[in-house]
Amino acid sequence: MLDAPSGDDLLAEVERALKEGIAPGFAQRVTANAVALARRERAMQAPLDVAECERLTALIGEAGDLAVLNAALCAAIRTRAIDAGSAQLMTHLWETTRAKLAVDQPAYPPFRAEAQQ
Amino acid sequence: MSIYLTYNRPREKGVPWEEDMIEPEGRDDAASLAAALERAFARQHGAVPRLSPLTRLSGGASKENWAFSATSDGVERALVLRAAPAESRFESAGVISLPAEASLLRLARANGVPVPEVVCELADADRPGYAMQHVAGQSVGTRILKDEGLAGARAGMARQCGEILARIHAIPLDGSPALDVLMPADAVAALAEGYRATGQQRPVFELALCWLADRLPDCGAPALVHGDFRNGNLIVGPDGIRAVLDWETAHIGCAAEDLGWLCVPSWRFQRPDLPVGGFGTRQALLAGYHAAGGRPTSMDDLRFWQMFGSLRWGVMCAGVGARFAAGVRSVEGGMIARRASETEYDLLALMKESGDA
């Protein structure tokens, strides 16, 4: 599940920042990065959410939306109801996390290094 | 609020966070800070040097840094004033006070740790601060890794970090100001509490908390822990590390915590292949640490505290996200919140590495 704030919430802050005036340099680069993140999110989110939801349903054996299923998975890990070494669990977490990084920060060096291998 | 959860914007954090230039705001403050400095010099040195105008530097959100110079007897010294801000952009509770920081710098210097010399302390209880020597060199992490003039320094820096950390961890605690005590179980509990306070549901954080709880290390006698010893808080010249900065999350804890934090991938910048700050190997770090009398520390200890460090940074990012949701909004804050996923990636990678080992 992609993190908050959503791309839309980021764009609302970008809009406000633009009205106030953005100094060249750091603030400008951060603002441009926020727009790029929002664009990636818009292009990528829907199929990622569907795939995550299917994996979670298979993992937990319950139906629900992403928030409910993730809360259930958190509880299962916390109470050790699910085996932390389970291959199915780890595969799910890796796929979900790679999907998040592809939206949030595709240039994150360890992630990019893995993608290039 | 735990020191672990204080979000203090680092000077830079690589792409997309790079060093910003001098911030224009706060100019009105310069005159009152200069007057406070003159009073401090008069009281502590008997004579007041001629002070240049103060220039606000970029840097921590919880403390202001001002550059100025002081001239007496024809000798000009470049100095930096660290002072509490009039208002804080991000929540900064939980860090040590400026008087305690000054006292720690003096203690560290007396014990052979390279830190800026503290020149005088402001007496104003409402606006505490201290002036220290300006140490020339590069502190921006990405530039430390790229600058060709620093190639020689980089080659020896992992070992040098080990030597400096050994000296920090040997500092006698009886001379230290009062600091939080966070041994491994307390430290992990503080992170768990910080994560729960965000209200977020993060399976990877849950798994990392279980992983840490199952592997609490036995770390011997409590040590003075710097708390934020990493690439980005070091001033480096061609000769190597000249000063260790940013002592505001210092605490009493497990010595190996500092070594693991230095290895967190988020501050390796464009060199994820070099675990120690993007410039060196764990073997070189431990060799320097042990040669200089550091505590017995294993690769497993390093891995535990690197895992702890990535989770700590992740909980900080998540905390910024929770504050965004509560209405403390900015583009920068929102983008920091979306960096929590980088720590999830690093946590999974370290668990995998640990399982393979």
Side-chain angles (χ1 to χ4, degrees), chain A residues 1-7 9-10 12-14 16-17 22-27 29-37 41 56 66-78 80 82 84-85 89-90 92-94 96-101 103-105 107-114, chain B residues 12 14-21 23-24 58 192 195-196 198 200-211 213-214 265-266 268-273 278 317-318 320-322 324-325 329-349 351-352 355:
Chain A
M1 187 169 67
L2 293 177
D3 285 329
S6 68
D9 285 344
L10 286 170
E13 285 313 300
V14 169
R16 194 163 72 179
I22 303 171
F26 175 75
R29 286 193 297 275
V30 174
T31 308
N33 287 334
V35 173
L37 190 158
E41 182 173 294
L56 279 167
L66 277 179
V68 167
L69 291 172
N70 271 301
L73 180 58
C74 283
I77 294 171
R78 193 164 57 239
R80 314 222 179 205
I82 190 166
L89 172 64
M90 294 314 287
H92 164 70
L93 294 178
W94 271 113
T96 306
T97 301
R98 288 194 180 105
K100 286 174 76 169
L101 265 182
V103 174
D104 291 347
Q105 231 191 133
Y108 182 57
F111 177 65
R112 195 172 48 187
E114 184 201 28
Chain B
E12 45 56 48
V15 178
W17 314 100
E18 293 169 29
E19 185 183 41
D20 44 339
M21 297 299 118
E23 293 170 6
S58 68
Y195 159 57
R196 307 267 176 248
T198 67
Q200 297 172 11
Q201 303 289 337
R202 296 181 167 276
V204 177
F205 283 13
E206 299 283 354
L207 199 60
L209 283 167
C210 290
W211 190 97
D214 289 346
S266 294
R268 297 179 197 168
F269 306 107
Q270 66 270 35
R271 291 304 304 268
D273 53 316
C317 294
V320 173
F324 189 105
R329 300 195 170 191
S330 67
V331 176
E332 190 191 349
M335 290 299 279
I336 289 159
R338 298 287 297 250
R339 289 191 66 180
S341 53
E342 84 185 31
T343 70
E344 292 173 332
Y345 182 87
D346 290 333
L347 290 166
L348 287 175
M351 280 188 257
K352 180 169 187 291

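Letters A, B, ... are given to chains in the order of the sequence lines, protein chains preceding strands, and every chain is numbered from 1.
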Any side-chain heavy-atom pair of Tyr345(B) and Lys100(A) under 4.5 Å:
no
CG of Leu10(A) to CZ of Arg329(B): how many Å apart, nearest 0.5 Å?
9.5 Å
At a heavy-atom separation under 4.5 Å, does Leu93(A) approach chain B through its side chain, its backbone, both, or neither?
both
Enter the distance from Arg202(B):CZ to Thr97(A):OG1 here, rounded to the nearest 0.5 Å.
9.5 Å
For chain A, the option from Glu342(B), Gln201(B), Glu344(B) that forms the most heavy-atom pairs under 4.5 Å
Glu342(B)
How long is the straight-line distance from CG of Asp9(A) back to CZ of Arg338(B), given to the nearest 0.5 Å?
9.5 Å
Sequence neighbours excluded, which residues qualify as ring pair (Phe, Tyr, Trp, His ring centres under 6.0 Å) partners of Phe324(B)?
none
For Asp3(A) and Ser341(B), work out which heavy atoms get closest and say how close.
OD2-N, 4.2 Å
Where do Val331(B) and Ala17(A) come nearest, in terms of heavy atoms and distance?
CG2-CB, 4.2 Å
Could you look at Leu37(A) and say if it's the side chain, the backbone, both or neither that has a heavy atom under 4.5 Å from chain B?
side chain
dist Tyr108(A):OH -> Arg339(B):CZ (nearest 0.5 Å) comes out at 7.5 Å
Taking atom CD of Glu206(B) and atom CG of Asn70(A), what is their separation to the nearest 0.5 Å?
10.5 Å
I need the Met335(B) CE to Gln105(A) CD distance, nearest 0.5 Å.
7.5 Å
What part of Ala84(A) lies closer than 4.5 angstrom to a heavy atom of chain B: side chain, backbone, both or neither?
both
Contact summary for Ala4(A) and Ala337(B), nearest pair of heavy atoms:
O-CB, 3.8 Å
Relative to chain A, which of Val204(B), Asp273(B), Leu209(B), Leu207(B) shows the most heavy atom pairs under 4.5 Å?
Leu207(B)
If you tally heavy-atom pairs under 4.5 Å against chain A, which of Ala325(B), Ala349(B), Gly321(B) wins?
Ala349(B)
Student check: side-chain heavy atoms of Asp214(B) and Arg80(A) closer than 4.5 Å
yes
Non-neighbouring partners of Glu13(A) that pass salt bridge (Lys or Arg N to Asp or Glu O under 4.0 Å), sequence neighbours left out:
Arg16(A)
